[in-house]
Amino acid sequence: MGDEDWEAEIIKPHISSYVPVFEKDRYSSGANGDTFNRTPASSSEMGDGSSRRDHFMRSGFASGRSLGNRDPGESNKRENTSTVGGFGVEKSFGNRGFSNNKFEEGDSSGFWRESSIDCEDNQTRNRGFSKRGGYQDGNDSEALGSSRRGGRGSFRGCRGGFGRGSPNSDYEQDEGTQRSGGIFGSRRSALSGAGNGDTFQSRSGGGSGRDSWKSEAEGGESGDTQGPKVTYIPPPPPEDEDSIFAHYQTGINFDKYDTILVEVSGHDPPPAILTFEEANLCQTLNNNIAKAGYTKLTPVQKYSIPIIQAGRDLMACAQTGSGKTAAFLLPILAHMMRDGITASRFKELQEPECIIVAPTRELINQIYLEARKFSFGTCVRAVVTYGGTQLGHSIRQIVQGCNILCATPGRLMDVIGKEKIGLRQVKYLVLDEADRMLDMGFGPEMKKLISCPGMPSKEQRQTLMFSATFPEEIQRLAGEFLKSNYLFVAVGQVGGACRDVQQTILQVGQYSKREKLVEILRNIGDERTMVFVETKKKADFIATFLCQEKISTTSIHGDREQREREQALGDFRCGKCPVLVATSVAARGLDIENVQHVINFDLPSTIDEYVHRIGRTGRCGNTGRAISFFDLESDSQLAQPLVKVLSDAQQDVPAWLEEIAFSTYGPGFSGNARGNVFASVDTRKNYHGKSSLNTAGFSSTQAPNPVDDESWD
Ligand SMILES: Nc1ncnc2c1ncn2[C@@H]1O[C@H](COP(=O)(O)OP(=O)(O)OP(=O)(O)O)[C@@H](O)[C@H]1O
């Protein structure tokens with residue numbers, strides 16, 4: 001549900017729901033619901049709760065001007081019904097223990113009332129609220145800055161304490177703006193030249209979940225000249241070996257990856273490898289792999305590593321948390337080592353051999369840390385640059401040498417525009433979360449990238465795309481980026497959910513959601529939980545509400561300053577705040593140890609988004625749980641794809657959900673039918689009207705003649 005949608009909500013009846021009973025972890029082995037001819041990944045081997053505290057009362061926002069007992073939707077309800085009384089008095093959301101004076105004052109704060117009257121103004125205020133540190137320990141985020149933040153260095157566990165790079169004014173002239181990404185986000189703001197940190201884009205013309213998502217995912221990063229200067233310099237990650245190689249344990253289901261079926265399509269794929277040894281990597285890489293705790297390949301690694309080593313273009317789709325990052329980093333590094341890469345030196349114009357792009361700042365930073373880990377002890381130098389941070393700082397990092405550039409799209413275009421990055425030497429172009437990188441939000445930017453002067457043509461470079469979801473239409477667009485004989489690897493069901501996540505769908509009406517959330521979080525205790533909501537405003541509201549409930553919570557979304565986003569992630573990673581309320585900006589790619597629960601307070605508008613969100617738990621063979629609040633009023637369109645995802649992942653499908661799916665889509669619908677929910681396989685086959693099945697048993701299916709594929713280009 002986009003911002004606009006909840007702005008327009010009306011009173012809904014209270015809908016009863018039940019309390020989830022957390023069962024013991026379970027894993028459904030056996031058939032994987034796959035209906036293609038596939039092969040198992042391999043035949044032989046696989047392949048402080050006590051620290052919880054109330055942050056809320058520290059916020060300037062809280063002091064004497066409380067939120068009131070409403071979430072933004074409720075706020076709006078009141079507007080629509082012209083109710084002007086104090087908060088927390090209406091039946092639908094009253095009587096939950098919030099009706100003390102503190103909350104009843106809320107209406108006079110003006111915050112939510114204004115928010116529902118004027119979206120743009122409201123967002124501006126919301127931002128101001130956020131800038132003060134809001135509910136999240138306001139003292140920390142602004143005043144203390146990076147020195148107290150787990151931030152980047154807290155990956156794999158709160159090793160904060162590392163200092164902050166000292167700003168150097170050399171490049172400050174080049175500094176970009178901090179953009180908050182209004183409803184259409186920074187990308188569009190970049191085009192319009194508006195949308196700086198304090199000014200928001202009009203919301204007209206959109207408001208679909210996807211569009212809202214776009215604004216969330218990026219949050220602004222291009223370096224045009226509008227808005228305040230961005231001065232944030234992220235703290236450098238720790239340099240000691242222990243921190244670089246810190247990792248979490250694979251889970252009890254790691255070996256079950258062996259049973260997942262894999263399909264490779266396209267001409268003449270190289271055989272999969274079964275072990276790291278077969279990859280024939282150099283000693284330094286092998287040492288790094290061992291230090292990272294990797295002993296067995298995951299299926300996507302078994303298939304992707306030899307394909308990339310053979311120089312082929314690749315589109316790979318594998319479940320969340322199954323090791324796609326190493327699947328592209330290791331063979332790229334192996335090639336670089338094999339080609340005798342020389343240490344890059346200080347130069348004003350750097351020409352990296354590899355460019356990796358990802359849709360969010362936190363994700364690209366995570367990929368950078370992985371690249372740094374696997375290239376440890378080699379002369380390969382990885383650099384990261386992303387929006388919301390001082391451009392000058394990024395440039396100073398880049399000019400010191402850059403073999404692998406990890407970047408978010410807007411910032412990448414900035415450093416290319418500033419002639420700090422040249423593209424002539426690019427041999428590898430990696431699109432992580434590729435379906436996202438090619439959709440309407442980022443697709444145009446990616447097209448610009450491949451047509452930048454100096455960028456080798458697709459015939460001259462290797463292009464690699466990875467994601468857990470690949471809608472058919474996006475697969476078709478991808479043809480423009482890939483050589484026509486690219487290979488397609490599907491591990492398990494394309495777009496399918498990770499089976500290590502136990503999924504529960506609860507019918508919860510809008511006005512019961514907060515009560516239910518608190519109930520669930522109290523049952524969960526201190527286990528790390530991500531709570532997804534649909535809008536930035538709601539993220540702030542729910543996080544504040546939870547803090548009022550004495551549940552230590554932080555939040556991440558596109559309206560928060562980058563400093564705050566990193567602090568929030570750091571606090572969540574290290575367990576200081578075991579609950580992270582997030583918008584979809586945190587849905588993809590983030591690999592956070594010990595996230596045991598994902599709660600969809602609001603369901604997303606697309607099933608792919610759902611799959612990515614719940615994939616923040618149940619990673620690398622560990623089990624996890626996902627609970628989603630299904631609001632009959634707003635989520636019915638998701639019933640059919642949900643039923644399919646649940647049944648494909650061998651989860652219980654509630655009868656009521658099936659009923660809604662049937663009634664919405666009519667008698668023809670079958671929960672087991674593939675429908676158009678997501679791509680079943682390599683769409684080249686469908687596109688050419690050929691069967692998507694290879695009845696000859698597994699192995700690789702034949703893609704159409706490459707010549708035919710030219711029609712894609
Ligand atoms: N072969 C392996 N052995 C042990 N751990 C591994 C292996 N491969 C990857 N991992 C670990 O598994 C975790 C998940 O990997 P990664 O983040 O690459 O997943 P992903 O498939 O990209 O997920 P997503 O779709 O959510 O982006 C990481 O902590 C990574 O270090």
Side-chain angles (χ1 to χ4, degrees), residues 41-42 45-47 155-157 244-255 257-258 260 273-277 279 281 285-286 288-305 316-331 356 358-360 362-374 430-437 464-470 489-492 494-498 500-501 530 573 584 586-595 598 608-622 624 626:
S42 132
E45 63 146 289
M46 152 185 43
F155 281 96
R156 311 278 189 270
I244 290 171
F245 288 99
H247 59 273
Y248 62 81
Q249 293 305 309
T250 58
I252 52 168
N253 290 332
F254 189 79
D255 286 345
Y257 282 151
D258 289 346
I260 301 177
I273 55 171
L274 299 180
T275 62
F276 280 112
E277 292 73 45
L281 306 173
L285 274 182
N286 281 328
N288 291 343
I289 289 166
K291 281 191 262 184
Y294 292 19
T295 53
K296 277 172 78 169
L297 291 157
T298 67
V300 70
Q301 293 163 356
K302 284 180 185 177
Y303 285 81
S304 302
I305 290 174
C317 190
Q319 69 183 73
T320 52
S322 65
K324 293 186 286 293
T325 317
F328 60 78
L329 282 177
L330 290 173
I356 303 172
T360 65
E362 292 76 14
L363 176 57
I364 200 65
N365 198 34
Q366 180 180 297
I367 294 169
Y368 157 71
L369 291 172
E370 291 291 290
R372 190 181 69 135
K373 172 171 84 181
F374 289 122
V430 183
L431 277 62
D432 196 22
E433 307 298 344
D435 54 332
R436 172 73 184 123
M437 298 309 299
L464 309 170
M465 301 190 178
F466 284 79
S467 185
T469 52
F470 261 115
V489 170
V491 181
V494 172
C498 171
D500 298 330
V501 181
M530 289 177 81
R573 280 186 194 276
S584 285
R588 286 179 178 249
L590 294 185
D591 183 50
I592 301 170
E593 179 173 11
N594 259 328
V595 175
V598 168
D608 287 351
E609 181 70 15
Y610 172 83
V611 166
H612 286 280
R613 284 184 183 184
I614 67 167
R616 295 317 97 212
T617 183
R619 299 177 70 76
C620 205
N622 292 288

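Values reported hereafter were calculated over all heavy atoms of this structure, with side chains retained and with hydrogens, waters and symmetry mates removed. What you are looking at is a predicted structure, and each value in this text was computed from that prediction instead of being measured. In each ligand, atom 1 is the first atom listed, and ligand 1 is the first ligand listed.
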(request) Ignoring angles and geometry beyond distance, decide whether Gly323 reaches within less than 3.5 Å of ligand 1 through its nitrogen or oxygen atoms. (result) yes
(request) Return yes or no for this condition: an N or O of Gly321 is under 3.5 Å from an N or O of ligand 1. (result) yes
(message) Give the atom numbers and elements of ligand 1 that come within less than 4.0 Å of a heavy atom of Thr325.
(response) 16 (P), 17 (O), 18 (O), 22 (O)
(message) Show me which atoms of ligand 1 lie under 4.0 Å from any heavy atom of Phe254.
(response) 2 (C), 3 (N)
(message) So if I count the atoms of ligand 1 from 1 in the order they appear, which ones are less than 4.0 Å from some heavy atom of Tyr248?
(response) 13 (C), 29 (O)
(message) Nearest 0.5 angstrom please: Arg573 CZ to Asp591 CG, how far?
(response) 7.0 Å
(message) Is Arg616 close enough to touch ligand 1? Criterion: a residue heavy atom under 4.0 Å from a ligand atom.
(response) yes
(message) So, taking the atom named CD in Glu370 and the one named CG in Asn288, what distance separates them when rounded to the nearest 0.5 Å?
(response) 11.5 Å
(message) Within this structure, what is the OG1-CG distance for the pair Thr320 and Leu590, rounded to the nearest 0.5 Å?
(response) 12.0 Å
(message) Does any part of the side chain of Leu330, heavy atoms only, come nearer than 4.5 Å to the side chain of Phe374, both counted from C-beta?
(response) yes
(request) Can you sort out which atoms of ligand 1 are near Thr250, meaning under 4.0 Å from one of its heavy atoms? (result) 4 (C), 5 (N)
(message) Rounded at 0.5 Å granularity, tell me how far CG in Leu285 sits from CZ in Phe276.
(response) 10.5 Å
(request) With heavy atoms only and a cut-off of under 4.0 Å, state how Phe466 meets ligand 1: side chain, backbone, both or neither. (result) neither
(request) With rounding to the nearest 0.5 Å, note down the distance linking CG in Asp500 to OH in Tyr257. (result) 6.0 Å
(message) What I want to know is whether Lys296 and ligand 1 share at least one N or O pair that is separated by under 3.5 angstrom.
(response) yes
(message) Considering Lys324, His247, Arg619 one by one, which has a heavy atom nearer to atom 17 (O) of ligand 1 than any of the others?
(response) Arg619
(request) Identify, by atom number and element, the atoms of ligand 1 in contact range of Glu433, meaning under 4.0 Å from any of its heavy atoms. (result) 27 (O)
(request) Heavy-atom contacts with Gln301 under 4.0 Å: which atoms of ligand 1 show up? List them by number with element. (result) 1 (N), 7 (C), 8 (N), 9 (C)
(message) Taking the basic N atoms (NZ, or NE/NH1/NH2) and the acidic carboxylate oxygens, is any pair closer than 4.0 Å for Asp435 and Arg588?
(response) yes
(message) Which of the numbered atoms in ligand 1 are under 4.0 angstrom from any heavy atom belonging to Gln319?
(response) 21 (O)
